[in-house]
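Accompanying notes for the structure given below.
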Amino acid sequence: MTVEGVWDLSLSTPMGRIEAVVELARQAGVLTGAAHGAGEGVPLSDITLDGDRLTWRQSVTKPLRLNLTFAVVVDGDTLTGTSRAGRLPATKVTGRRRTVLTAMDQRS
């Protein structure tokens with residue numbers, strides 16, 4: 001399974017819906033990534049792919065300073081799961097991978 005690409009995420013939090021973008025790449029066989037949202041970009045850490053289960057950690061400062069842990073299941077170009085911030089209740093996460101158009105796609 002490949003998870004590389006740009007993912008548009010939606011997080012349903014008690015403060016309302018938050019939109020974010022996660023970029024995943026593989027460099028020398030290791031998954032790397034970054035997240036962008038709420039006016040900041042942060043690196044992802046501890047990225048693990050086990051079958052269709054993808055997990056990672058990230059620290060954000062907006063809208064609150066939080067250390068988040070994500071656990072999602074990837075199904076093709078969609079993902080669903082949760083993010084947690086310490087003892088706070090889990091937040092529902094959904095996402096869709098952006099489609100990359102090839103030169104052939106753009107000509108047709």
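By convention here, the first residue in the shown sequence is residue 1.
Closest approach of A35 to V22, counting heavy atoms only: CB-CG2, 4.1 Å. Of all non-hydrogen atoms in A38 and K62, the two that sit nearest each other are O-CD, 3.2 Å. In this structure, E19 and S10 approach most closely via the heavy-atom pair OE2-OG, 3.5 Å. Among all heavy-atom pairs drawn from G95 and L9, the shortest one is CA-CD2, 3.8 Å. Shown here for A85 and L68, the closest heavy-atom pair between the two residues is CB-CD2, 3.6 Å. Contact detail for L44 and A34: the closest heavy-atom pair is CG-N, 3.6 Å.
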Would you mind writing out the side-chain donor-acceptor pairs for residues 72-81 within the sub-3.5 Å range, not counting sequence neighbours?
from, atom 1, to, atom 2, distance (Å)
D77, OD1, R97, NE, 2.9
D77, OD1, R97, NH2, 3.3
T78, OG1, D75, O, 3.1

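Interatomic distance, CD1 of I18 versus OG1 of T13, reported as 4.0 Å (0.5 Å rounding). The structure places OG of S45 at 7.0 Å from CZ of R57, a figure rounded to the nearest 0.5 Å. Expressed to the nearest 0.5 Å, how far CE of M1 lies from CG of D52 amounts to 5.5 Å. Distance check: R17 CZ to K92 NZ gives 8.5 Å after rounding to the nearest 0.5 Å.
Taking the side chain as every heavy atom from C-beta outward, E40 and T61 approach each other to under 4.5 Å. In this structure, the side chains of E4 and L31 come closer than 4.5 Å at one or more pairs of heavy atoms. Proximity of F70 to D46: side-chain heavy atoms (C-beta onward) are nowhere separated by under 4.5 Å. When side chains are defined from C-beta on, L24 counts as touching W7, because their heavy atoms get closer than 4.5 Å. Between L54 and I47 there is a side-chain heavy-atom pair separated by less than 4.5 Å.
Heavy-atom neighbours of R26 CZ from other residues, nucleotides or ligands within 6.0 Å: above the threshold of 12.
The main-chain N or O of T69 is never found under 3.5 Å from a side-chain atom of Q58 such that the two would form a donor-acceptor pair.
Tracing side-chain contacts under 4.5 Å through hydrophobic residues (I, L, V, M, F, W, Y), one never reaches V6 starting from V42; they form parts of separate clusters. No chain of hydrophobic side-chain contacts below 4.5 Å, direct or via other Ile, Leu, Val, Met, Phe, Trp or Tyr residues, connects V3 to V30.
Qualifying side-chain hydrogen bond (donor to acceptor under 3.5 Å, both in side chains) partners for D8, counting only residues two or more places apart in sequence or in other chains: R98. Applying the side-chain hydrogen bond (donor to acceptor under 3.5 Å, both in side chains) criterion to R87, with sequence neighbours excluded, gives no partner residue.
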